[in-house]
Amino acid sequence: MNAVDGSEHYEAAVEGPAPSLLVIVLDTNPHAWALLAPTLPLSKAIANILVFINAHLAVNNANQVAVVASHSHRAVWLYPRPPSSSEDVEMIDGISPQLHNANKYRPFALIEDSLLSSLRELISTTTETDISTTTTTQMAGALTLALAYINKATINYSGISTDTKAAPNSADTNEPVTGLQSRILVVSVSGDLAHQYIPIMNTTFAAQRLRIPIDILKLAGDTVFLQQASDATKGIYMQLRSPQGLLQYLMMAFLPDLMSRKHLIAPTQEVVDFRAACFCHRKVVDVGFVCSICLSIFCSPPEGAICLTCSTHLSLGDYGAKPAVVPRKKKKKKKLNGSIDTGSARGTPAPGE
Amino acid sequence: MSVSTLASFEYLERLPGTTFKRLYQQPSTALAIFRRMLPHLAKTFVMALLYMSKPFPLTDLDLWVNSDSKRERDKALQLLSRLHIITVTAPSRTDPQTITLTKNFGESLRQALTGGGEHNSFGVPSNDPVSGGVDLAFLDEYARDQWEGILHYVVNSVGEAMRGGGQGPTDAVKHLLEAGRLVTTGRHSGKGITQAGFSFLLQEVNAQVWTLLLLWIENAEKMELDSVEVLSFLFMLGSLELGRAYSKYTLTDSQRQMLPYLLDFGLVYIPRSSSGYFFPTRLATTLTSDASALRSVAAGFDAASSAAGGAKGFIIIETNYRLYAYTNSPLQIAVLSLFTRFKARFPNMVSGRVTRKSVGNAISHGITSDQIITYLSTHAHPQLAKRAAIQGGPVLPPTVVDQIRLWQIENERMKATPGFLFRDFDNEKDYESCRKYAEEVGVLLWHNDKKGWFFVTRVEQLRDYIKSKKIK
Amino acid sequence: MPRAIRGVLVQCDPSIKSIIVKIDAEEHAFIVEELDDQTLVIKENMMTTLKMKLDEQLKETQNNDESSSDE
């Protein structure tokens, strides 16, 4: 009797949103956390982050999470734990008593347990020499690990979905091909990372190409390059004025994934520091020299005017004139004009006129 | 008629507020409802509100949400308040409107995220020594057998008395299928499948499970089981881990009473009735999962069936609408015969043709062309897939796919939507503002500015809006 | 004061609409309001009856070509 009525067939098909993978890069720099301890001790921050991870997993059944610690000398996986293959981790350790707790959703308990024990391990294996020899953190390494993991997870995910379909994804089924939506959240406490300028920018550009937003949550310190990383990848950058409210910031600003971010107005940076670090001394420079062949940046003309990266012999032209007012651009040396004072959100610093 | 997975939750929306209050006392329920029933943006709102100490002013929410997404925002808020997850204060002139999570839901969800409490709502793992031989493959196999037994019963009621594998469902399940009008037992015509039964057959497994469970819940009230208890038990099952044994002793009496039924459905496995633990099967643990996770069910079942000797894909369909199915499973043949006219049957293969009449027949039973196409493409023979991969084309012949769609459209001559016609506005300004509001909340279906009439699907919000305008 | 009337909004081709109008002309039991060429509002409880009648009408007009085009 319903043959004439097509209404039922028009009911919108409910397509669940694609699952998202959240890779958290946790800066565990001991120096920085020591400074931060009075306002926000590490243990409390971890507790907040765990709730945040659970919230992320609660949003979608297929959501995944991974946590990398960016420590003083190395970058270490906290979850999933190496070296056994990541998928099997849950099966292996099921001995801890709290895992039998019926008051906690088991996947949450598993992650919490694994994360905490690997973090403890990390801290206990940190020697005094480790701490005394450096004050920074291995952010570039951690970001690289994160990207590698995302790549692997994406391949795995699409592998599974085509496999069960018993056929390579056909173009005629109207199902939109939705892959894993990945993003990186960096919880950063360290300051200057100038010595890692090149690797960080490389990971940033890789993320940009893969459309993986890098969100930065800054609890302390200020890092030029992480600002640039989030700006280039359209991530969120937030510098917390009151680190105590960490959880609320996480839940409100950093939990929405790419899908819901379309509907929301994300907090953005008003001013992005676009300065670069020189390749010779790892100093952050406003104005520097750029090799015309490979675009390497130097704070002062390299020795013998030979580029340190590509060994091109550079002619310096009339070096010595005030860079900012040099009007011509035909010379081998270009002057880089930092756009810090313009306050614009333009993607690249424009060379001076 | 066709019960989509999400539509099955409409049952929940009909529940009274007090029921929700009780439901939300269990963290597992709060988590499951949050995960399963809410649209994406609504989840975002809930999470933002979860740890907020003060009520959140609606105006701030407006600032947060993109102005282009107003409709999504309103939809999300509407659903959230219908499910009693948030409370929105009534508009008044003195205080700005604010939203807060309802107390029970907020507390339970927080508890779900952080753990703690003494609710035991995520299942108590059993400490008893578990008898061996119960692994994932076994559970999948068991669940599949049980479930296919039920499907066989539904299919066989068509009248083609084919002997299926498995022992068939228990009387309780049979009774339930009849009560739910998936099959009928007329005295004269014998057993027969109903329209609802047809669309039931073509649903995804998860949707099928929910359809049956909801039938059961509706009947449970007759069996003097409390529907809240039943629901929270189901949501708990959804949060258990596959392949683990859970203790029976910590269940409440009525929950223990439910176990035999769930055993019939294949949702849980109990080695011996005397043993003090049960295993949830994949059917149970994916109850509250969503579409993407359901692939794992299909994968699990595929694995089980290929272990049982069946192949993954078995259907070949040609551009001339001829269909060959390499199967001898009565279930699959019966499903195919819903939209195919079979001509010949061989020991390992049946052949037939998809015709306008056969498809039209299926469509008149409430099966959609998309369901047919999805069924064909998911069960396409590897040969089809291989050729498609080589030629870079689609798996099914496009002519056939298009034609099946056209056959559906050809008979759909109208679209009917129940709702309310608004007319006779006092002045154009009132009409205009009401129409705009209706459009914003996404209920406007039709409007005629000249006449000053419009048609909406839901009236509640608009009524409040008109009332509040009239106060002013 | 605006009026709200419960009903079912039916959207269809003009041809189908005219058939509905024809059916309604016999006893005026179905249509609440005709909105335009392609839309009308039908009484909610009469929807199934209307569908049945409409189906009958359509079968009469379409039967001929159905049997010839098949097979």
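Note: hydrogens, waters and symmetry copies are ignored here, and every other heavy atom, side chains too, is used. Here is the naming used below: chain letters follow the sequence lines, and residue numbers restart at 1 for every chain.
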Original post:
Can you tell me how far the CG atom of B:D68 sits from the NZ atom of A:K262, to the nearest 0.5 Å?
Top reply: 13.0 Å

Subject >> Heavy-atom pairs under 4.5 Å with chain B, option from A:A55, A:A58, A:S260 with the top count >> reply: A:A58

**OP:** Determine the minimum heavy-atom distance between B:A112 and A:F108, stating which atoms define it.
**Re:** O-CD1, 3.4 Å

Subject >> Smallest separation among heavy atoms of A:V51 and B:T114, with atom names >> reply: CG2-CG2, 3.6 Å

Original post:
Of the non-hydrogen atoms in A:L264 and B:F45, which two are nearest, and what is the gap between them?
Top reply: CD2-CE2, 4.4 Å

**OP:** Report, by ascending residue number, the residues of residues 211-220 of chain A in heavy-atom contact with chain B at a distance under 4.5 Å; give 'none' if the set is empty.
**Re:** none

**OP:** Rounded to the nearest 0.5 Å, what's the gap from CE on A:M252 to OG1 on B:T44? Could you check?
**Re:** 10.5 Å

Original post:
What pair of heavy atoms forms the shortest contact from B:L113 to A:M251, and how long is it?
Top reply: CD1-CE, 4.2 Å

Original post:
Tell me, do B:H40 and A:D257 make a side-chain contact under 4.5 Å, heavy atoms counted?
Top reply: yes

Original post:
Picking from B:L38, B:L41, B:V46, which has the most non-hydrogen pairs under 4.5 angstrom with chain A?
Top reply: B:L41

Original post:
What residues of residues 242-249 of chain A sit under 4.5 Å from chain B when you count only heavy atoms?
Top reply: A:L247, A:Q248

Subject >> B:L384 versus chain A, the contacting section by heavy-atom distance below 4.5 Å >> reply: neither

Original post:
In chain order, what residues pass the side chain to side chain donor-acceptor pair (under 3.5 Å) check against A:T28, with sequence neighbours excluded?
Top reply: A:H71

Original post:
So what's closer than 4.5 Å to chain A heavy atoms on B:F34: side chain, backbone, both or neither?
Top reply: side chain

Subject >> With B:H381 via side chain to side chain donor-acceptor pair (under 3.5 Å) - residues at least two apart >> reply: none

